[in-house]
Every structure is written in C-alpha cells, then in structure tokens.
2 protein chains.
Amino acid sequence: MKRVTMADVATAAGISKSTVSQFLNGRFEYMGQETKDRIKKAIDELGYHPNYIARSLKQKRTSLIGIIAANIVHTVSTEMSRAIEDYFQEKDIQVIFCNSYEDENKEKKYIESMRARQVDGLVIFPTGKNPELYKKLESEKYPVVFVDRKLDGIDVNTVVVDNRDAMDQAVGHLLKEGHEKLAILTPPPTIFPRRERVAGFIEALEKRGEPVNEHFMRSVEISEMVSVLEEMFANGKGPTALIAGNDLTYFEVMKFARKNEIRIGRNLALVVFDNIEMAAISEPALTVIDQPAYEMGMKAADLLFEQISGKSDKTGLFVFQTELKIRESSTTIGG
Amino acid sequence: MKRVTMADVATAAGISKSTVSQFLNGRFEYMGQETKDRIKKAIDELGYHPNYIARSLKQKRTSLIGIIAANIVHTVSTEMSRAIEDYFQEKDIQVIFCNSYEDENKEKKYIESMRARQVDGLVIFPTGKNPELYKKLESEKYPVVFVDRKLDGIDVNTVVVDNRDAMDQAVGHLLKEGHEKLAILTPPPTIFPRRERVAGFIEALEKRGEPVNEHFMRSVEISEMVSVLEEMFANGKGPTALIAGNDLTYFEVMKFARKNEIRIGRNLALVVFDNIEMAAISEPALTVIDQPAYEMGMKAADLLFEQISGKSDKTGLFVFQTELKIRESSTTIGG
DNA sequence: TTGTAGGCGTTATCAT
DNA sequence: ATGATAACGCCTACAA
C-alpha cells in the first residue's frame with residue numbers, strides 16, 4: 001500500500017502541484033481541457049487518493065463532527081443520531097460515532113481524542129460524571145451540544161425532553177383509568193432524566209392530592225429490579241399500575257411479570273418511558289411515553305452548526321414535549 | 001477558540017519545540033526536572049491540546065479504525081462492534097462508526113472518506129452494491145475485513161455465520177416437532193446471508209426427503225410482508241411453522257399474527273434468525289438462531305490488526321456456527 | 001540535556 | 001491558464 005501523493009500525480013502529468021490541487025477542488029475556470037485530461041489520467045493510473053489529514057491541517061477544519069452516545073442500543077439515541085446525520089449530510093459534514101457505554105473514562109477518552117483529531121464539533125449524551133471536562137469544553141468555547149441530559153452548572157446548549165410533564169401525563173392517564181396505587185421503577189438516579197422522572201411522578205400525584213407511597217417508588221440497578229418488584233408485589237399488596245422509567249427497565253418488568261405470572265394489561269397496567277420499537281405490535285400493545293427523537297436530533301444539529309459556523313455563541317436549554325401513546329397495556333383496570 | 005500550538009508552549013516555557021514534543025511523548029529520560037515543570041505549567045496555563053492531525057500527517061498513521069455498519073439497530077452489529085472496540089482498546093487504537101443504512105452511495109462516501117482521513121483499517125458490513133470499490137480495496141491491499149456477508153469474487157478477509165447449517169438445525173427441529181408444512185420469509189435476496197438462508201432451507205428439506213413448497217418460501221420487501229403472509233395463510237391452507245429470516249421480518253410476522261389473531265406457539269410455530277434482545281422474555285418466549293456475534297467481532301478485529309501491523313496478508317473466509325435456542329414459540333404443535 | 005532544520009501532503013497567495 | 005513558495009502543527013534525525 002504505497003502512498004501516492006499529489007506530487008506524484010503532478011510529476012506524472014508533467015504539471016505542477018498547484019494545478020492538480022485546483023483540479024481536485026473543482027476550480028477549473030481557467031483550466032485547459034488538455035490539462036484536465038492529463039491530470040485525470042495520471043490520477044487513475046497511479047490510483048491516487050487525496051489525503052484529508054493533510055488538507056485538514058492546512059484548512060484548520062475537518063468537516064467532521066462526532067457523536068458520543070452513552071448507549072447506542074437505546075432507540076432514542078439512534079433516532080437522534082439519524083437526524084443529526086441527515087442534517088449534516090446537507091452541509092457536507094460527516095458524522096462519526098463513539099460509544100461511552102455510560103463509562104466516564106471512555107467518555108473522557110473519546111471527547112479528548114475527538115478534539116485532538118480536530119473534529120469541528122461534538123454532540124454528547126453526557127454520562128454526567130466528568131464535570132471538570134465539561135467545564136473545560138464550556139470555557140474553551142468548543143462547539144458542543146448536550147442531549148438527553150441537562151447538567152447542573154454547565155452552561156452549554158442542551159436538548160432534552162420535558163420529563164416532568166411526561167410523568168404528569170402518564171400519572172393523569174393512569175388515575176383516570178381508575179388506578180389508585182401507582183408505582184414507578186427506574187435505574188439509579190445518577191443522571192438527570194431519571195431524577196426528573198421520579199420528581200415528576202411525585203409532583204403529579206401531589207398536585208392531584210393523591211397519596212405518595214415511598215414503597216412504590218424504587219430506583220435500583222437493573223440486576224436488582226426483578227427482586228425489588230417481587231418485594232413490591234409481595235402478598236398481594238402491590239400497585240395496580242407501574243411506570244417503567246426507561247426501556248431497560250421495561251425488559252426487567254417483563255421478566256418479572258413472566259416469572260410471577262402477572263398479565264400486563266390485566267393484573268397490572270404498564271406505561272413505559274421510551275420509544276420502544278415493538279410497542280405497537282407487542283402483546284399486549286404497550287402504552288409508551290414517546291420522545292420526539294428525530295426533531296430533537298435536528299435541533300441539536302442546528303445548534304451545533306450555528307456554533308461551528310460562528311453564527312451564534314448563545315447557549316440555552318431546549319425542552320421538547322413528549323407524547324403519551326395510549327395502548328392496551330394501560331387501559332384495562334387491574335384486578 | 002484560539003488554537004494553542006506546541007510552538008506557543010515552547011515560547012511560554014522559554015524552551016524549544018522539540019523538547020516540548022519529547023515531553024509530550026514521554027521521552028524524558030534525559031530531561032531536567034525544571035524543564036518538565038516549566039513545560040507542564042505552560043501547557044496548563046495556555047490550555048494546550050495536541051493536534052493529532054498534524055501528528056498523524058507526520059507519522060503516517062492515525063491509530064484509528066472505522067466500522068461501517070449497514071444497520072446499527074441490528075443487535076448483531078452492535079454486539080460485534082462492541083467486541084471490536086474491546087479488542088482495539090488494548091492496542092490503543094480508537095474505533096469510530098458510520099452507518100450506511102444499506103445505501104450504496106452512503107457506503108461509498110463513507111469508505112472513501114474514511115480512507116482519505118487515513119484510518120488505519122476498516123471493518124465493513126458491506127451492502128454488496130459497490131463491487132468496483134471492493135475490488136479496489138482488495139487490489140490496493142487496504143486493510144479491511146468484511147463481516148456478516150460474503151461477496152462473490154472479492155478476495156478479502158470475511159467473517160460470517162454458517163447460514164445453511166443454521167437452517168438445517170431449524171428445519172430439523174421443526175420437523176421433529178411434527179410440523180409438515182414449513183415456511184420461510186425473508187427480505188429480498190439482495191445480500192448473501194438471505195440467499196444462503198433460503199438455499200439452506202431448501203437443502204435441509206430435500207436432504208430429508210420432505211417436499212419443498214414454493215408458495216411457502218417468500219423473499220419480499222418489509223412493507224409487503226404482512227400482505228404476503230395473509231396470502232400465504234389464506235383459507236386455512238397456511239404452513240404450521242415459519243422461519244423469520246431476520247429481526248425485521250420477525251416484527252412483521254408479529255404484526256401479521258396480531259392482526260389475524262394467530263397465536264404464535266399455538267397456531268403457528270416460529271423460529272427467528274437473529275439475536276432478538278427480548279427473545280427469552282417475550283410472550284411466548286422465542287426460539288431463535290443465535291449468532292456468536294461477540295466472538296465474530298473479536299475474530300474480525302484480530303484479522304484486521306494482523307493486516308494493519310503487516311503480520312499477515314493472507315485472506316480467508318471464517319465461518320462461525322450458530323446455536324438454535326429452542327423456546328416456547330416453536331415447541332407447541334400447531335393446530 | 002536541549003536546539004536546529006527539514007519534511008509529512010495539502011492549500012493559498014501571489015506571480016508569471 | 002499555470003507555477004513557485006510558504007505555510008499548517010508536529011516529529012525526528014542530528015547537531016550542539
């Protein structure tokens with residue numbers, strides 16, 4: 001894999017580097033046809049490929065932006081990423097991905113590596129565990145947008161959903177369906193949306209004068225969820241409706257239900273927070289809190305582009321509303 | 001975002017660039033403590049970040065490899081990618097992702113862009129629709145590994161599963177369960193695994209002297225699947241067992257079953273080709289053909305690394321065996 | 001132990 | 001219409 005450079009092409013075509021460069025960049029206003037042909041021929045024969053590394057060094061931009069996702073399996077991440085790709089495709093900017101897997105060390109490594117590789121900007125689903133790093137990005141005015149999670153004390157463009165309102169809708173719906181014992185289960189409250197969801201749940205109940213049962217509000221590790229649920233439902237004193245705080249929680253709820261022969265939609269109403277792919281076709285069809293992921297991705301992309309192109313350096317918090325999609329899993333009163 | 005370069009650090013520390021460079025690369029065998037301190041101080045004060053673009057240009061490698069996935073939503077892709085990341089983490093090589101979304105233009109753009117950006121190698125889930133490009137990669141000996149799909153006439157390291165054997169296992173299992181009318185549904189046979197799966201299905205039936213019913217073998221667009229199934233099952237003459245050729249097909253089968261009140265596992269036995277995340281907890285639990293995605297990813301990574309480091313330039317086809325995980329969806333005889 | 005100088009492959013400026 | 005030349009930021013002999 002010997003490397004062919006522009007200089008090789010120039011020599012082969014009996015022409016100077018500058019002209020080859022102009023050719024490659026489509027500036028042939030004044031270029032003779034014969035010259036073009038010679039260059040084209042030389043490129044083909046030598047198998048020349050341009051080196052963007054060298055170009056980027058000179059131009060001081062890479063036309064590349066990075067997305068650092070916490071969890072690529074998450075439907076919301078993939079939908080948002082798709083939107084971001086679509087947006088930047090039009091601007092001739094390429095998008096590359098890295099996964100932090102919620103690991104702060106990986107996150108740090110990727111952010112620093114992307115920066116060192118001079119990507120023009122970054123969209124981050126922050127783990128929240130690298131405050132100094134985020135502060136640095138902020139103070140150095142590096143083009144960056146946070147999505148899905150708002151971080152305290154970090155003044156960076158951020159795109160999130162209205163988690164509290166989402167909970168308000170879900171709680172309102174379940175109460176209207178006649179449920180009196182509502183529960184919520186989430187992973188540990190380490191990140192913003194989870195805290196907001198729990199807070200929103202409490203708020204929604206209190207606002208309606210409904211009692212808040214601490215025993216029915218649990219935020220635990222995925223691995224403990226099944227046993228926590230078993231405890232919650234022990235001796236027939238469990239809730240009649242449950243809100244699963246995200247998609248992974250939903251899987252655990254299903255495991256629990258299966259194991260304990262609880263029929264979702266019959267013995268237990270279920271609402272899931274997240275765009276579950278199979279929601280409409282699962283048995284029973286699932287009631288979900290749907291996030292406008294594509295729109296959010298577009299917004300994040302636009303905010304990033306504004307920063308990159310220097311059009312704006314204002315920062316803000318952009319909150320999107322969710323939609324409660326009511327299906328079978330929450331419309332049969334438990335009993 | 002003014003850029004700070006090594007030269008700035010050098011000036012600030014009252015020292016030369018080369019010394020700063022040595023410092024950054026950990027070669028301080030002979031470096032005075034005072035020099036180190038001065039450099040460190042200057043770096044902190046100026047907020048210096050190294051520029052890997054410049055470094056890569058000089059060193060002629062980026063310590064970066066790319067994965068071009070056809071479909072990141074696919075569980076097998078994400079598992080393989082995870083393995084590849086894990087493998088290269090140890091070698092201090094970073095991994096970045098792009099999605100072709102099965103689109104040959106996107107694939108071409110990404111492959112060319114990654115090359116131009118001098119990534120050290122590429123793992124590709126090929127769309128199969130860019131034969132000239134693949135040929136070029138092959139002839140130029142660019143380090144690349146294909147996964148999931150074998151391409152005819154392209155002599156490049158390739159990692160796949162044994163689709164025919166997988167089908168043999170599935171068919172054998174269904175026959176043993178007493179089914180006589182087996183069907184297979186896949187997306188259009190545009191890529192290798194789909195063709196192999198259909199071929200394997202036929203082979204498995206013929207080998208056992210079972211009749212092959214063309215009407216029960218359909219390869220159609222996702223959007224047509226529901227109606228094709230309705231046609232297949234018209235007036236009670238449908239199959240009693242069905243093999244869904246991949247995860248997307250499975251979703252369509254579920255839609256069809258729901259719509260037509262067919263109970264999977266009771267009226268229709270189902271086997272799904274792919275690592276469906278919810279297989280074990282869905283209702284009924286799903287029989288699946290499981291691919292050793294993580295192992296395959298490791299193998300692909302290792303093959304790529306061998307090429308990158310110049311240890312080997314042999315190419316081959318590496319075939320992994322699948323595992324039939326028998327669950328409820330295929331163990332109740334239809335009626 | 002540290003500094004000098006040249007080069008990596010491009011692009012941009014200014015000539016010609 | 002095309003070419004010479006100097007950057008871009010870093011690394012690496014080799015020199016001091």
Side-chain angles (χ1 to χ4, degrees), chain A residues 1-40 42-43 46-64 92 112-113 115-120, chain B residues 1-40 42-43 46-64 112-120:
Chain A
M1 216 184 58
K2 57 167 191 333
R3 313 250 181 177
V4 181
T5 76
M6 222 171 65
D8 298 327
V9 175
T11 319
I15 219 123
S16 85
K17 282 195 303 174
S18 341
T19 307
V20 177
S21 174
Q22 312 225 92
F23 174 85
L24 289 168
N25 290 287
R27 277 194 300 278
F28 13 60
E29 293 125 54
Y30 308 114
M31 202 171 293
Q33 187 57 47
E34 196 213 355
T35 313
K36 290 192 220 171
D37 294 342
R38 291 233 305 272
I39 296 177
K40 208 178 299 173
I43 287 178
L46 297 173
Y48 168 75
H49 296 283
N51 181 332
Y52 286 6
I53 288 276
R55 174 201 285 196
S56 297
L57 180 60
K58 181 68 189 174
Q59 295 189 153
K60 292 162 170 263
R61 63 192 156 71
T62 52
S63 298
L64 199 60
D92 265 305
E112 286 176 347
S113 151
R115 283 204 60 174
R117 295 180 197 283
Q118 311 298 112
V119 302
D120 296 338
Chain B
M1 217 182 59
K2 49 156 202 340
R3 313 253 180 174
V4 181
T5 76
M6 222 170 67
D8 299 326
V9 174
T11 320
I15 220 128
S16 85
K17 285 195 299 176
S18 14
T19 308
V20 177
S21 173
Q22 312 224 93
F23 174 85
L24 289 169
N25 291 288
R27 276 194 299 280
F28 14 59
E29 294 124 54
Y30 307 114
M31 202 172 293
Q33 188 55 47
E34 196 212 357
T35 313
K36 291 192 221 171
D37 294 342
R38 292 233 305 271
I39 296 176
K40 209 179 297 173
I43 287 178
L46 298 173
Y48 168 75
H49 295 283
N51 181 333
Y52 285 7
I53 288 276
R55 175 200 286 193
S56 297
L57 180 59
K58 180 69 188 177
Q59 294 189 156
K60 291 161 169 268
R61 62 190 156 72
T62 52
S63 298
L64 198 60
E112 285 175 348
S113 153
M114 290 285 121
R115 281 204 63 175
R117 294 179 197 284
Q118 313 297 113
V119 302
D120 296 339

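If you're wondering where the values come from, they're calculated on a predicted model, not measured in any experiment. Numbers restart at 1 for each chain; the letters A, B, ... are given by sequence-line order, proteins then strands. All values below were derived from every heavy atom in this structure, side-chain atoms included, with hydrogens, water molecules and symmetry-related copies excluded.
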Can you tell me how far CE of Met6(A) sits from CD1 of Ile43(A), rounded to the nearest 0.5 angstrom?
9.5 Å
Looking only at side-chain N and O atoms, does Lys60(A) come under 4.0 Å of OP1 or OP2 in dG9(D)?
yes
For the side chain of Gln22(B), starting at C-beta, report the closest nucleotide among dC8(C), dG9(C), dT2(C).
dT2(C)
Looking at every non-hydrogen atom in both residues, tell me the closest pair between Thr19(B) and Thr35(B) and how far apart they are.
CG2-CG2, 3.9 Å
Using only atom types and a distance under 3.5 Å, with no angle test, would you say the side chain of Ser56(A) pairs donor to acceptor with the backbone of Tyr52(A)?
yes
Which of these nucleotides, dC11(D), dT11(C), dC10(D), is closest to any side-chain atom of Asn25(B)?
dC11(D)
Which of these nucleotides, dC10(D), dT11(C), dG9(C), is closest to any side-chain atom of Lys58(B)?
dC10(D)
Looking only at side-chain atoms of Thr35(B), point me to the closest of dT1(C), dG3(C), dA12(C).
dT1(C)
Rounded to the nearest Å, what distance is computed from the CG atom of residue Asp8(B) to the P atom of nucleotide dC8(D)?
11 Å
Arg61(A) CZ - dG9(D) P separation (whole Å)
15 Å
Looking only at the side chain of Met6(B) (C-beta and beyond, no hydrogens), which of the listed nucleotides dC11(D), dT2(D), dA12(C) gets closest?
dC11(D)
Degree of bending in the helix from dT1(C)-dA16(D) to dT16(C)-dA1(D) once both end axes are built from five pairs, to 10°
40°
For the side chain of Lys17(B) and the base of dT4(C), is some donor closer than 3.5 Å to an acceptor across the two?
no
For Ile15(B) and dA16(D), give me the distance from atom CD1 to atom P, rounded to whole Å.
20 Å
Check whether any side-chain nitrogen or oxygen of Tyr52(A) sits under 4.0 Å from OP1 or OP2 of dC8(D), and answer yes or no.
no
The reported gap from OG1 in Thr5(A) to NE2 in His49(A) (rounded to nearest 0.5 angstrom) is 13.0 Å
Minimum-distance nucleotide to Ser21(A) side chain [options: dT11(C), dC11(D), dC8(D)]:
dT11(C)
Earlier contact from the 5' end, DNA chain C, for Gly32(B) and Arg55(A)
Gly32(B)
From Ser63(A) OG over to Arg117(B) CZ, what is the distance, rounded to the nearest 0.5 angstrom?
6.5 Å
Closest non-hydrogen atoms of Ile15(A) and Arg38(A), given as atom of the first, atom of the second and distance, are CD1-NH2, 3.8 Å
Euclidean distance, atom CD of residue Gln59(A) to atom P of dA7(D) [Å, nearest integer]
18 Å
Taking atom OG1 of Thr62(A) and atom NZ of Lys60(A), what is their separation to the nearest 0.5 Å?
13.0 Å
Between dG3(D), dC10(D), dC8(D), which nucleotide gets closest to the side-chain atoms of Ser18(A)?
dG3(D)
note: Leu57(B), atom CG; dG6(C), atom P; distance rounded to Å ~ 18 Å
First locate atom NZ of Lys40(A), then atom CG of Leu24(A), and finally report the distance between them rounded to the nearest 0.5 Å.
11.5 Å
Length of the CZ-P vector between Phe23(B) and dC11(D), whole Å
13 Å
When you measure from the side chain of Ser16(A), which nucleotide among dG3(C), dG9(D), dG3(D) comes out closest?
dG3(D)
May I have the distance from Ile53(B) (atom CD1) to dC11(D) (atom C1'), rounded to whole angstrom?
15 Å
Want to settle it: does Ala54(B) or Glu34(B) sit nearer the 5' end of DNA chain C, counting the closest nucleotide to each?
Glu34(B)
Separation of dG7(C) C1' from Arg3(A) CZ (nearest whole Å):
16 Å
